[in-house]
Amino acid sequence: AHAIAARGRQRWRADGRALRKLPVHVGLVVTEEEPSYADMASLVVWCMAVGISYVSVYDHNGIFKRNNSRLMDEILKQQQELLGLDCSKYTVEFANQDKTGQVLNCQSTLKVLSPEDGKADIVKAAQNFCQLVAQQQRTHTDLDVNMLDNLLSSTNGFPDPDLVLKFGPVDSTLGFLPWHIRLTEIISLPSHLNISYEDFFSALHHYAACEQRWGK
């Protein structure tokens, strides 16, 4: 088992290095009604294994966020099975919650998001800015992209997603970080259920080959 895990780690690291470009932040967006904890954990661990620094998990019903401990248990189990025990520890962050937990990882940071971290977070940021203006700590001319980014709490410390992998038949990201994905590459996959590493890596390879025009 240790030998198999070691071969897997070597393969995934080599795959990550072989890509022309690797996303820094990947959003995993599930639009299906029945999310799978095991399959989502596999996707998260593969992201870690190839060297992706930030991972966001999102479903439009907030199931993963409400049951984040179950998801974390599955991620920890698969990290131990697939990556072995030689990875360093890190802190898992849950957006807009005070919960943290230590999980074995390869230098990645994870946030579990729900719809309240999208439009609702923008509304909250706007309210906070208006309050600052009312208190004469800011003026309306101070509001710009950087100011709004700083006021948003759901992705504090996270860069905008480079890549979103959207799973399911719905042709929409269903509220996933609407402010942050204006320049994000979005790749649709039929389902996250029983997804293979080959399907995941094929999506990364597709992203690496894309010419990003940054909205131009």
Side-chain angles (χ1 to χ4, degrees), residues 21-31 35 40 44 47-48 52-69 71-72 75 88-103 105 107-166 170-187 207 210-216:
K21 61 179 178 180
L22 188 69
V24 175
H25 177 188
V26 169
L28 304 173
V29 177
V30 174
T31 66
M40 180 53 66
V44 171
C47 285
M48 298 170 178
I52 292 167
S53 299
Y54 299 92
V55 183
S56 296
V57 171
Y58 176 92
D59 71 279
H60 65 288
N61 292 318
I63 296 173
F64 285 130
K65 187 171 180 179
R66 288 197 303 273
N67 301 281
N68 51 52
S69 60
L71 178 61
M72 291 305 107
I75 290 173
S88 61
K89 287 186 176 182
Y90 85 123
T91 300
V92 179
E93 300 178 65
F94 298 101
N96 295 343
Q97 298 184 37
D98 295 327
K99 299 179 181 179
T100 59
Q102 291 293 327
V103 183
N105 176 47
Q107 306 301 325
S108 299
T109 307
L110 170 70
K111 282 194 176 183
V112 184
L113 303 170
S114 66
E116 69 189 49
D117 304 305
K119 291 181 180 178
D121 195 31
I122 296 174
V123 171
K124 182 180 177 182
Q127 290 172 338
N128 290 340
F129 180 76
C130 290
Q131 187 175 17
L132 292 173
V133 172
Q135 295 170 349
Q136 297 185 341
Q137 297 180 36
R138 294 285 182 181
T139 68
H140 69 278
T141 57
D142 292 331
L143 186 59
D144 57 16
V145 171
N146 292 331
M147 170 67 72
L148 184 55
D149 281 340
N150 292 332
L151 289 169
L152 294 171
S153 61
S154 62
T155 53
N156 185 30
F158 263 49
D160 289 350
D162 307 284
L163 170 65
V164 164
L165 299 181
K166 183 192 71 66
V170 181
D171 191 21
S172 168
T173 55
L174 297 177
F176 172 74
L177 300 180
W179 171 256
H180 302 82
I181 60 172
R182 54 199 183 276
L183 298 176
T184 300
E185 188 73 27
I186 300 173
I187 296 176
Y207 165 80
C210 286
E211 179 185 353
Q212 291 175 286
R213 299 180 182 274
W214 309 113
K216 296 179 181 178

Rounded to the nearest 0.5 angstrom, the CD1-OG1 distance for Ile181 and Thr173 is 4.0 Å

Beyond-backbone contact of Val164 with Val26, side-chain heavy atoms, under 4.5 angstrom | no

Using modelled atom types only, decide if a donor and an acceptor are shared between the side chain of Ser114 and the backbone of Lys65 within a distance under 3.5 Å.
-> no

Report yes if the side chains of Phe64 and Val30 come closer than 4.5 Å at any heavy-atom pair, otherwise no.
-> yes

Is the CD atom of Gln137 crowded by more than 12 outside heavy atoms at less than 6.0 Å?
-> yes

Flag side-chain contact, heavy atom, 4.5 Å: Thr109 against Val55 | no

Given side chains that start at C-beta, do those of Asp160 and His25 come closer than 4.5 Å, heavy atoms only?
-> no

Using a 4.5 Å cut-off on heavy atoms from C-beta on, say whether the side chain of Leu110 contacts that of Val57.
-> yes

Please lay out, stage by stage, how Thr184 and Asp162 fare under the test side-chain contact (heavy atoms from CB on, under 4.5 Å).
-> CA-CA 5 Å; Thr184 300; Asp162 307 284; over 6 Å; no

Ile187 side, atom CD1; Tyr207 side, atom OH - distance, nearest 0.5 Å = 9.0 Å

Report yes if some heavy atom in the side chain of Val24 is under 4.5 Å from a heavy atom in the side chain of Ile52; otherwise report no.
-> no

Taking all atoms of both residues into account, what is the closest heavy-atom pair of Phe176 and Gly27, and its distance?
-> CZ-CA, 4.0 Å

Would Thr31 and His60 count as having a side-chain donor-acceptor pair, cut-off 3.5 Å?
-> no

When rounded to the nearest 0.5 angstrom, what distance separates SG in Cys47 from OH in Tyr54?
-> 14.5 Å

Smallest heavy-atom separation, Cys210 atom then Glu185 atom, equals SG-OE2, 3.6 Å

Got a second to check how far Leu71's CG is from Arg66's CZ, nearest 0.5 Å?
-> 13.0 Å

Do the side chain of Asp59 and the main chain of Asn61 share a donor and acceptor less than 3.5 angstrom apart?
-> yes

Verify side-chain contact (heavy atoms from CB on, under 4.5 Å) between Leu174 and Val29, making sure each step is shown before the conclusion.
-> CA-CA 9 Å; Leu174 297 177; Val29 177; 5.8 Å; no

Please lay out, stage by stage, how Val44 and Leu28 fare under the test side-chain contact (heavy atoms from CB on, under 4.5 Å).
-> CA-CA 8 Å; Val44 171; Leu28 304 173; 4.0 Å; yes

